[in-house]
Amino acid sequence: MRNMVVAGGQLGPISRDETKASAVNRMIALMHQAASRGAQLIVYPELALTTFFPRWWVENKTDFDHMFEREMPNKDVLPLFEASKKLNIAFHIGYAELTPDGHRYNTAIMVNNFGKIIGKYRKIHLPGHSDNQEWRPFQHLEKYYFEKGNLGFPVFDALDAKIGMCICNDRRWPETWRVLGLKGAELVVLGYNTPLHYPLAPEHDHLQYFHNELSIQAGCYQNGVWSVAVAKAGFEEGCELIGGSLIVAPTGEVIARSQGPDDQIIIAEINLDRCQEIQENIFNFVEHRQPREYSLLTDE
Ligand code: ING
């Protein structure tokens with residue numbers, strides 16, 4: 001049995017003027033908790049170093065350049081890499097990436113227990129809008145601040161597992177999970193910042209936690225993968241973000257769930273071989289899948 005102890009490091013709100021060092025210290029505290037309970041991996045949220053700044057419009061994007069990371073690791077994040085090595089625990093973290101040639105992405109990385117970056121993903125499904133829509137109580141300007149990811153949906157070999165990554169809105173799209181499933185993922189890790197209020201359909205606000213679980217449970221069951229999905233949660237700069245961090249089994253069963261919107265870990269021991277219960281049976285892609293019937297799915 002390939003057992004692994006996995007943890008989610010849920011974060012409460014990060015204020016606009018909170019330093020990255022402060023956010024890193026909060027994540028290191030969660031890393032110590034997870035390591036003390038035997039975790040080999042901890043998953044942090046999307047954009048885990050800063051407040052969710054796409055909720056504000058700025059005329060000049062460079063006014064928010066300080067929200068981005070030009071290199072990884074860097075002085076602010078290095079203590080987290082050092083703690084990971086000392087505690088012998090791998091981690092996944094989301095952050096805003098500004099590349100040397102000026103491209104901006106909503107990015108996540110996987111770092112192994114030796115402090116080495118072994119995988120990177122750049123968010124493909126960017127929700128929201130690219131113009132300042134003043135009717136909204138808050139903006140959702142990911143299409144303004146970030147470019148669509150250009151690294152596909154990669155799966156990495158780490159910790160004796162095949163690990164895939166995605167970010168937030170990606171989890172709502174079945175295509176994300178199916179591509180990772182077709183690449184042989186056994187564990188999908190992701191972070192999210194999800195406002196409770198969805199201005200275009202406020203009648204769905206009470207369903208945000210349900211839609212979060214529905215998306216992840218379906219993705220796990222329909223591809224026979226485990227998932228650790230972790231929130232940045234709570235009342236952050238006037239915007240209520242949902243919590244609801246989860247660990248979900250290949251059967252779709254939720255086996256761990258956060259309680260409340262504060263900094264906290266969720267943790268579980270998972271058996272990666274259980275993916276086969278699904279991948280070799282009900283969702284045996286070779287035996288049962290009919291790709292010739294699905295061409296509409298990838299037509300432009
Ligand atoms: N946030 C949200 C998400 O997909 C959203 C955007 C909120 C979509 C509510 C639908 C409903 O979880 C990010 N950052 O993608």
Side-chain angles (χ1 to χ4, degrees), residues 8 10-14 16 23 43-57 64 67-69 92-97 104-109 121-131 133 135-149 151 153 165-177 180 188-220 227-246 248 254 257-258 261:
Q10 177 178 292
L11 290 176
I14 298 180
R16 183 169 183 161
V43 177
Y44 295 117
E46 170 190 35
L47 296 175
L49 296 170
T50 66
T51 197
F52 187 75
F53 63 88
R55 68 167 64 91
W56 296 296
W57 169 266
F64 272 165
M67 296 286 185
F68 287 75
E69 309 309 317
H92 163 95
I93 185 168
Y95 64 92
E97 177 188 14
R104 289 172 169 78
Y105 299 104
N106 186 340
T107 296
I109 52 173
Y121 169 69
R122 290 167 172 160
K123 188 173 182 179
I124 285 173
H125 296 97
L126 295 168
H129 47 98
S130 54
D131 58 332
Q133 296 185 6
W135 64 272
R136 291 171 179 261
F138 48 84
Q139 305 300 304
H140 199 110
L141 289 159
E142 292 193 58
K143 293 183 192 293
Y144 178 60
Y145 290 111
F146 305 121
E147 294 173 46
K148 180 180 78 67
L151 301 175
F153 293 107
M165 295 191 274
C166 68
I167 300 175
C168 203
N169 196 259
D170 288 321
R171 76 194 186 284
R172 298 178 190 276
W173 296 85
E175 293 88 347
T176 302
W177 297 90
L180 291 172
V188 175
V189 295
L190 66 104
Y192 59 90
N193 288 220
T194 299
L196 187 70
H197 176 53
Y198 187 67
L200 290 171
E203 65 275 19
H204 295 172
D205 288 3
H206 70 286
L207 298 171
Q208 292 305 342
Y209 279 83
F210 167 62
H211 287 162
N212 179 51
E213 297 204 4
L214 178 67
S215 303
I216 298 162
Q217 287 180 278
C220 287
S227 184
V228 181
V230 181
K232 165 110 78 51
F235 194 65
E236 184 179 87
E237 296 292 341
C239 178
E240 186 65 42
L241 299 172
I242 69 166
S245 303
L246 294 175
V248 180
V254 175
R257 188 185 275 116
S258 65

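If you read the sequence from its start, that first residue is 1, and numbering goes on from there. Ligands are counted one by one from 1 in listed order, and the atoms in each one are counted from 1 as well. The model shown is predicted, which means the values in this text are computed figures rather than measured ones. When reading the values below, keep in mind they use all heavy atoms of this one structure, side chains included, and skip hydrogens, waters and symmetry mates.
Using a non-hydrogen distance threshold of 4.0 Å, His125 does not register as a contact of ligand 1. Ligand 1 lies nowhere less than 4.0 angstrom from a heavy atom belonging to His204. Note on ligand 1: Arg171 sits in its first shell, one or more heavy atoms being nearer than 4.0 Å.
Neither the backbone nor the side chain of His211 comes within 4.0 Å of ligand 1, counting heavy atoms alone.
Atoms of ligand 1 found under 4.0 Å from any heavy atom of Cys168 (numbered from 1 in listed order, with element): 1 (N), 2 (C), 3 (C), 12 (O), 13 (C), 14 (N), 15 (O). Listed by number with element, the atoms of ligand 1 under 4.0 Å from a non-hydrogen atom of Glu142 are 13 (C), 14 (N), 15 (O). Near Glu46, with a cut-off below 4.0 Å to any heavy atom, the atoms of ligand 1 are 14 (N). Within the listing of ligand 1, atoms 3 (C), 4 (O), 8 (C), 15 (O) sit less than 4.0 angstrom from a heavy atom of Asn169.
At most 12 non-hydrogen atoms from other residues, nucleotides or ligands lie less than 6.0 angstrom from CH2 of Trp173.
Tyr198 CD1, 3.3 Å is the protein heavy atom nearest to atom 11 (C) of ligand 1. In this structure, atom 1 (N) of ligand 1 lies nearest to the protein heavy atom Asn193 O, 3.0 Å.
For an aromatic pair to be called close, the ring centres must be under 6.0 Å apart, and Phe52 with Phe138 fails this.
Not a single N or O atom of Gln208, backbone or side chain, sits closer than 3.5 Å to an N or O atom of ligand 1.
Each of Asp170, Thr107, Val230, Asn106 was evaluated against Glu46; a single residue qualifies, Asn106, per the side-chain contact (heavy atoms from CB on, under 4.5 Å) test.
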